[in-house]
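Each remark here refers to the structure printed beneath this line.
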Amino acid sequence: MIDKRPRTPREAAAFSLFSMAEEGAWSDGALHYYLGRAGLDSRDAALASRLVYGTVQNELLLDWYLRHFSSVRLKKIAPRVLACLRMGLYQLILMDKIPAHAAVAETVGLVRRYCHANDRTVSFANAVMRKAAQAAEQGKLPVLDCPDKESYYALRYSHPEWLVRLWSEQFGLKMAERLCQADNADAPVSVRVNTLKTTPADMQVELEAAGLAVTPHHAFPEILLCSGGDAAALPAFAEGKITIQDAASALAAAVADPQPGDTVLDCCAAPGGKSFAMAERMEGKGSVTSCDIYEHKLRRIKEGASRLGLPNIRTELQDAAAPREAWFSTADVVLCDVPCSGMGIIRKKPEIRYKDPAELEQLPVLQAKILQNCAQYVKPGGTLVYSTCTVLQRENEDVVRAFLAENPDFEAEAWSHPVCGAREDGMVTLLPPVHDTDGFFIAKMRRKC
């Protein structure tokens, strides 16, 4: 992390991008850190956020433009300089309220002050930005020239082409474009109200009094969609009245439907949102065992349970793929929210789209192993829920159908919810532009008596 305290929105944004490039930080974590250090007002903080997310969301497109304006190959440009140029082009080409002279001057200034740049590098950055500014002002930006719609959407919305083609195959070409558009749109912060401590109506009043714009989710009464501030920094969060959780994640807990007094296993629990939601549904009665393979994540779950006032949550250090015989046939509800590609939460973590696809190929094998192992913990007559935060069929329906084919003692269980209607086969793939949630998959199964 850069030790210097950022003074302006562009400095906070640039420092965040540097941290991502040099330290592998996530965009949201880096931005939260530097906004905390900067102490900017809400307007400037919003600008810094838009610069970070907009630059990351449009990286492939910005690099395409940069190749037209740069005399140096992108691989030869120092990472910090490249980050500044991307952010500068984002302001010039994709933002409509930033004067061109400000985008040029501020970008060159960042390169001069924070990129260890000599005069030649500063002159290079200045030349690139001026060429781009002139082309933008004259309406002479290069035209995106692509052989087909999939490649055009991939470039226009900065998604890897393999992903756009896969979505087009699964959902159709129009939905593939809508998914890309949703990934690059501003996503509100989703707040789930702790109904053990307050009501959604009272919480909406309190959040609006704190300056947030609040809209109740159309199909999930306890979910409030917030913008215009940091809900996690408010007293309501510290008091355990709310927690940050998307409606899709909350739906997985609702589908599991644990009852007061049940024994529940959340086998891949971190950061704990589904455990919290299930414990609240159980009114603090029975037990929820939240598992993870990292102690520091378990500590966060404990802290969250304490903040929310949930005495029926306990944590266990446990690999979900490794059997634990003492748990066999003991749980009324087992939830497996397995490790996945994350291709359903791109709108909130935009850099996920740039993962190496080769690293994702073995995920279905791991997911199937976890599901097969954790199914052993379900009592006869008990519930097994499988979920992911991806919309890729190979990690979702394919895994569940193979499991059901190999395990005749389990069957799909129908359910319904206002978010998505009746699910006769027990499965749903939630899509951001359709359901107003993260991209998510949920399957409900029951062990036969």
Q: Test salt bridge (Lys or Arg N to Asp or Glu O under 4.0 Å) on Glu161 and Arg165 and set out the steps.
A: CA-CA 6 Å; Glu161 192 168 322; Arg165 293 191 182 279; 2.8 Å; yes

Q: Please test Glu150 against Ser168 for side-chain hydrogen bond (donor to acceptor under 3.5 Å, both in side chains), starting from the C-alpha separation and ending with a verdict.
A: CA-CA 8 Å; Glu150 285 92 348; Ser168 181; 3.2 Å; yes

Q: May I have the step-by-step check of side chain to side chain contact (heavy atoms under 4.5 Å, CB included) for Thr107 and Arg10, ending in yes or no?
A: CA-CA 9 Å; Thr107 299; Arg10 288 180 178 84; over 6 Å; no

Q | Derivation and outcome, side chain to side chain contact (heavy atoms under 4.5 Å, CB included), residues Met175 and Val434 | A | CA-CA 9 Å; Met175 182 55 70; Val434 176; 3.6 Å; yes

Q. Stepwise, does the salt bridge (Lys or Arg N to Asp or Glu O under 4.0 Å) test hold for Asp262 with Lys379?
A. CA-CA 11 Å; Asp262 276 355; Lys379 287 179 180 178; over 6 Å; no

Q: Apply side-chain hydrogen bond (donor to acceptor under 3.5 Å, both in side chains) to Asp266 and Ser275, showing your working.
A: CA-CA 6 Å; Asp266 188 353; Ser275 288; 2.6 Å; yes

Q: Apply the test side chain to side chain contact (heavy atoms under 4.5 Å, CB included) to residues Leu173 and Trp167: give CA-CA distance (whole Å), side-chain angles for both, the deciding distance (0.1 Å), then the verdict.
A: CA-CA 8 Å; Leu173 189 58; Trp167 283 349; over 6 Å; no

Q | Chi angles and distances behind the ring pair (Phe, Tyr, Trp, His ring centres under 6.0 Å) call for Phe440, His435 | A | CA-CA 10 Å; Phe440 214 83; His435 302 100; over 10 Å; no

Q. Yes or no on side-chain hydrogen bond (donor to acceptor under 3.5 Å, both in side chains) for Glu397 and Thr429, after CA distance, side-chain angles and deciding distance?
A. CA-CA 9 Å; Glu397 293 95 335; Thr429 298; 3.1 Å; yes

**Q.** From CA spacing to verdict: side chain to side chain contact (heavy atoms under 4.5 Å, CB included), Thr243, Val193
**A.** CA-CA 7 Å; Thr243 193; Val193 177; over 6 Å; no

**Q.** Check against side-chain hydrogen bond (donor to acceptor under 3.5 Å, both in side chains), Glu177 and Tyr157
**A.** CA-CA 9 Å; Glu177 183 184 18; Tyr157 302 110; 3.0 Å; yes

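The NZ atom of Lys349 lies 14.5 Å from the CG atom of Asp183; values are rounded to the nearest 0.5 Å.
Counting heavy atoms from C-beta on, the side chains of Val334 and Val385 never come closer than 4.5 Å. A 4.5 Å side-chain heavy-atom check between Glu303 and Ser306 finds every atom pair outside the cut-off. Side-chain contact between Ile244 and Val189: present, with at least one pair of heavy atoms (C-beta onward) separated by less than 4.5 Å. At a threshold of 4.5 Å between non-hydrogen side-chain atoms, the residues Trp415 and Cys420 count as touching. Looking only at side-chain heavy atoms (C-beta outward), Glu351 and Met20 come within less than 4.5 Å of each other. Contact check for Leu308 versus Leu196: no side-chain heavy atoms found under the 4.5 Å cut-off.
Between Glu413 and Arg446, at least one side-chain nitrogen of the basic residue sits less than 4.0 Å from a carboxylate oxygen of the acidic one, meeting the salt-bridge criterion. A salt bridge between Asp28 and Lys348 is absent, with no side-chain N of the basic residue lying under 4.0 Å from a carboxylate O of the acidic one. Between Arg314 and Glu316, at least one side-chain nitrogen of the basic residue sits less than 4.0 Å from a carboxylate oxygen of the acidic one, meeting the salt-bridge criterion. Remark: Lys241 does not engage Asp202 in a salt bridge, criterion side-chain N to carboxylate O under 4.0 Å.
In Lys369, the NZ atom is not crowded: 12 or fewer heavy atoms of neighbouring residues, nucleotides or ligands sit closer than 6.0 Å. In the displayed structure, Asp356 atom CG is contacted under 6.0 Å by more than 12 heavy atoms of other residues, nucleotides or ligands. Shown here is Glu22, whose CD atom has more than 12 heavy atoms of other residues, nucleotides or ligands within 6.0 Å. Counted within 6.0 Å of NZ on Lys448, heavy atoms from surrounding residues, nucleotides or ligands total more than 12; the atom is thus considered enclosed. Around NZ of Lys197, the count of heavy atoms belonging to other residues, nucleotides or ligands within 6.0 Å exceeds 12. At most 12 heavy atoms of other shown residues, nucleotides or ligands fall within 6.0 angstrom of atom NE2 in His32.
Checked by atom type and distance alone, the side chain of Ser49 pairs as donor or acceptor with a backbone atom of Ala45 at under 3.5 Å. Put simply, the side chain of Arg80 never gets that close to the backbone of Ala21: no donor and acceptor are under 3.5 Å apart. At least one donor-acceptor pair under 3.5 Å links the side chain of His217 to the backbone N or O of Asp436. The backbone N or O of Gln393 lies less than 3.5 Å from a partner atom in the side chain of Gln170, making a donor-acceptor pair. The main-chain N or O of Asp337 is never found under 3.5 Å from a side-chain atom of Lys274 such that the two would form a donor-acceptor pair. Under a 3.5 Å cut-off, the side chain of Asn396 and the backbone N or O of Thr390 do form a donor-acceptor pair. With Asn373 contributing its side chain and Ile370 its backbone, the two residues share no donor-acceptor pair below 3.5 Å. Remark: side-chain polar atoms of Arg324 are not paired, donor with acceptor, to backbone N or O of Tyr377 under 3.5 angstrom. Side-chain atoms of Ser416 never come within 3.5 Å of backbone atoms of Ala422 as a donor-acceptor pair (strictly under, hydrogens ignored). No donor-acceptor pair under 3.5 Å is formed between the side chain of Gln245 and the backbone N or O of Ser190.
Using modelled atom types, one finds no donor on one side chain facing an acceptor on the other under 3.5 Å when comparing Ser249 with Asp246. In this model, a donor atom of one side chain and an acceptor atom of the other lie less than 3.5 Å apart for Ser329 and Arg447. Under the 3.5 Å distance criterion, with hydrogens and angles disregarded, a donor-acceptor pair is assigned to the side chains of Asn184 and Arg353.
Between Asp257 and Arg281, the closest heavy-atom pair is OD1-NH2, 3.2 Å.
Two rings, from His296 and Tyr294, have their centers less than 6.0 Å apart.
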